[in-house]
Amino acid sequence: RARGVRKLQRLKSAFEACPELVIRNGSDLKHYRAASEGIFHFLKRFTPCVERLGLDEFFLDVTEKVAEFLGKPVTLSSIECYAEADGFATHLYKGRKLTLVETQTGVKSHVPARTSTVDQCNCGCHRRLQIGSCLAKKIRTDLFKELGYTASAGISVTKMAAKLSGEVHKPNQQTTMLPAYVPDFLAALRVRKIPGCGYSSARKLQAEGVEYVSQLRALSQKKLISLLGELIGSRLYLLCRGEDNSIVKPRGKEKTMSEEDSFLGSDNVVDVELRISQLLKGLLERTDARFERHGDLPSLLRLTVRDRVAAKKKGEQKNGYFGGRSSKQTAIPMGVFHPGDPKRDEKLISALMQLFFKLVPRNLCFHLTLLNVAVARFQPFGGASGNQTGIDSFFHTAANTSSRNNEKPLISSKRDRLESHNFFSVKMKVAKAEVASHPSLPRNKSEATHTNNYEPTKKRNRNKDRVAEGPAGSPGIIVTTDDAKVARPSSAVTAEDIDDLFNL
DNA sequence: ATGGGTCCT
DNA sequence: AGGACCC
């Protein structure tokens, strides 16, 4: 990073910036999954309502915790050691200067800079956010002490505001945003910054001359819906005004599991089968581990491919990389995934090859650049649970899962409360746990179990190699780095410290 | 332009 | 099955 290497940078320019850069082929997410799970469980000690987004981002709804603290001043004072003179822990967002922007269409936009810094809300959220910010500080402090990760956090009254607040002061800091500041803060952002306005929507909006959130507000709800569809359109209509009624959704077990690999090209069936069996191998390790823990097995198998030709066509249409994938899926009889089945690999590879030939007819040439094997529709498997694949048993599974994990159901009364402006909730995001350089993560490829073993030894990556396949700058290889902070656990906080604060 | 995921159409 | 979104 210090040398100018950035995430998702082309290899060519990364090597220009840093010639001694070492690039490794492939990846093994195992250690990151484990780290993420550790953080997830850590966070659940503070509140059961934790939503995970990707591996390193979490939302916590601490509404109830904050209410408890408010009701117990003695306990409250114990986390207020984190408060500063203004009652908030570290950064309180104070607004920023807004510049007037002239866009392609000549629309001039933006609101004047705010002059007042007082909380304009009388609902008591000011106080609740003070407590929330102390709670966030406490959680981040403990996270570092116990697990060794630094994190940034945003604290506000909606998920969106919390998420965006977390980006204001970035490495290892936190920012609290009062609701009164949210609309102006949003106004000056590019629309793409709004969570929910992705690549596709941002392009459609750009075609209308809309680049900034302030301009988005000029569009009627009807217009937005016709442009972006019912769901995203109506959501964005509210989000751009700072209105976010989404709830923190504690997720249960994963619904799908997949392994994928991209490569410069594969054009023969033998190679494809080798790659597929490698992917399957990694996937089965995961389904086995899950079966041991939860006793369920998948009943759906999916293969997806990306063909270079098709991908290029799509790419021309959309100027987007993720086009050009196609998939076939099939129900799989219960129990095929059972670790005890000695013919399991055979059966599954055979099924996958059948899917492959549905995707790529035998008489056609192909040039694949990606393969993905996925499983889904996990169902409890006790051996005698019959052959249910219907929707009924699916929902039965979901219900069991929820009660077993003691997860918080989606409470409708909470949703009702969130529909007004004066939110009771404090939502917090602990973002970007900087797991990339944690000592427990593998330092080189040789420690990873899921290597590209199917490649000829000569071509396989060695530690000294800079690039595994192709010359520097060849397509298909990119640099991905994350903010890296080497964090070492110091003296552990005792369980009682936590209980003191949270078992009220 | 990775290697995962979620949910909606 | 594909397409949007998220990291």
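Letters go in sequence order (proteins before strands), and every chain restarts at 1.
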Legend entry - Nearest-nucleotide pick for A:Glu254, side chain only, options being B:dG5, B:dA1, C:dG2: B:dG5
Inset, instruction - Write down the distance between NZ (A:Lys12) and C1' (B:dA1), rounded to a whole number of angstrom. - result: 17 Å
Legend entry - Of the listed nucleotides B:dT2, B:dT6, C:dC5, the one nearest the side chain of A:Tyr199: C:dC5
Inset, instruction - Using atom CG of A:Asp28 as one end and atom C1' of B:dT2 as the other, report the distance to the nearest whole Å. - result: 14 Å
Legend entry - Selection from C:dC6, B:dG5, B:dG3 that lies nearest to any side-chain heavy atom of A:Ser27: B:dG3
Legend entry - Comparing A:Glu230 and A:Asn372 on DNA chain B - which has the more 5′ nearest nucleotide: A:Asn372
Legend entry - Proximity to the side chain of A:Thr256 - top-ranked nucleotide from B:dG5, C:dC7, B:dC7: B:dG5
Inset, instruction - Would you mind checking if A:Glu57 and A:Lys163 are paired as a salt bridge, meaning a charged N to carboxylate O distance below 4.0 Å? - result: yes
Legend entry - Interatomic distance, A:Lys253 NZ vs B:dG5 C1' [rounded to whole Å]: 17 Å
Legend entry - Aromatic centroids of A:Phe366 and A:Phe356 separated by under 6.0 Å: yes
Legend entry - Side-chain heavy atoms of A:Gln329 within contact of A:Lys358, under 4.5 Å: no
Inset, instruction - Rounded off to whole Å, could you give me the CZ-to-C1' distance for the A:Arg290 and B:dG5 pair? - result: 13 Å
Inset, instruction - Give A:Arg33 one of three labels, base, sugar-phosphate or nothing, depending on what nucleic acid heavy atoms sit under 4.0 Å from its own. - result: sugar-phosphate
Inset, instruction - Give A:Arg192 one of three labels, base, sugar-phosphate or nothing, depending on what nucleic acid heavy atoms sit under 4.0 Å from its own. - result: sugar-phosphate
Legend entry - A:Lys255 vs B:dG5: side-chain N/O to OP1/OP2 distance below 4.0 Å: no
Legend entry - Side chains of A:Phe15 and A:Ile23 in contact at under 4.5 Å (non-hydrogen atoms): yes
Legend entry - A:Ser262 side-chain proximity, nearest of B:dG3, C:dC7, B:dG5: B:dG3
Inset, instruction - Among the candidates B:dG4, C:dG2, B:dA1, find the nucleotide nearest to the side-chain atoms of A:Ser258. - result: B:dG4
Legend entry - Nearest-Å distance for atom pair CG/P, residues A:Leu55 and B:dG5: 8 Å
Inset, instruction - Using a strict 4.0 Å threshold on nitrogen-to-oxygen distance, state whether A:Glu20 and A:Arg3 make a salt bridge. - result: yes
Legend entry - Side chain of A:Ile232 (C-beta onward), nearest among B:dG4, C:dA4, B:dC7: C:dA4
Inset, instruction - Taking the side chain as every heavy atom from C-beta outward, state whether A:Gln174 and A:His91 have any atom pair closer than 4.5 Å. - result: no
Inset, instruction - Grab the CZ-P distance between A:Arg377 and B:dG5 for me, whole Å please. - result: 17 Å
Inset, instruction - Report yes if a side-chain nitrogen or oxygen of A:Arg10 is closer than 4.0 Å to either non-bridging phosphate oxygen (OP1 or OP2) of B:dA1; otherwise report no. - result: yes
Inset, instruction - Indicate whether OP1 or OP2 belonging to C:dG2 is found under 4.0 Å from a side-chain N or O atom of A:Ser327. - result: yes
Legend entry - Nearest non-hydrogen partners of A:Cys240 and A:Leu186, listed with the distance: O-CD1, 4.0 Å
Inset, instruction - Check every atom of B:dT9, B:dG4, B:dT2 against the side chain of A:Leu29 and return the nucleotide holding the closest atom. - result: B:dG4
Inset, instruction - Compare side-chain N and O positions of A:Lys7 against OP1 and OP2 of B:dA1 and report whether any pair is under 4.0 Å apart. - result: no
Inset, instruction - Please state whether the phosphate of B:dG5, meaning OP1 or OP2, lies under 4.0 angstrom from any side-chain nitrogen or oxygen of A:Arg286. - result: yes
Inset, instruction - Give A:Thr304 one of three labels, base, sugar-phosphate or nothing, depending on what nucleic acid heavy atoms sit under 4.0 Å from its own. - result: nothing
Legend entry - Between C1' of B:dT6 and CD of A:Glu51, the distance in whole Å: 10 Å
Legend entry - Residue A:Ser201, side-chain atoms from C-beta onward, closest of C:dA4, C:dA1, B:dG4: C:dA4
Legend entry - Residue A:Glu260, side-chain heavy atoms: nucleotide from B:dG3, B:dT6, C:dG2 that is nearest: B:dG3
Inset, instruction - Return the 5'-most residue of the pair A:Gly54, A:Leu231 with respect to DNA chain B, ranking by each residue's nearest nucleotide. - result: A:Gly54
Inset, instruction - Check every strand shown and say whether A:Ile194 touches a base, only sugar-phosphate, or nothing at a heavy-atom separation below 4.0 Å. - result: sugar-phosphate
Legend entry - Atom-to-atom span, CG of A:Leu53 to C1' of C:dC5 - whole angstrom: 10 Å
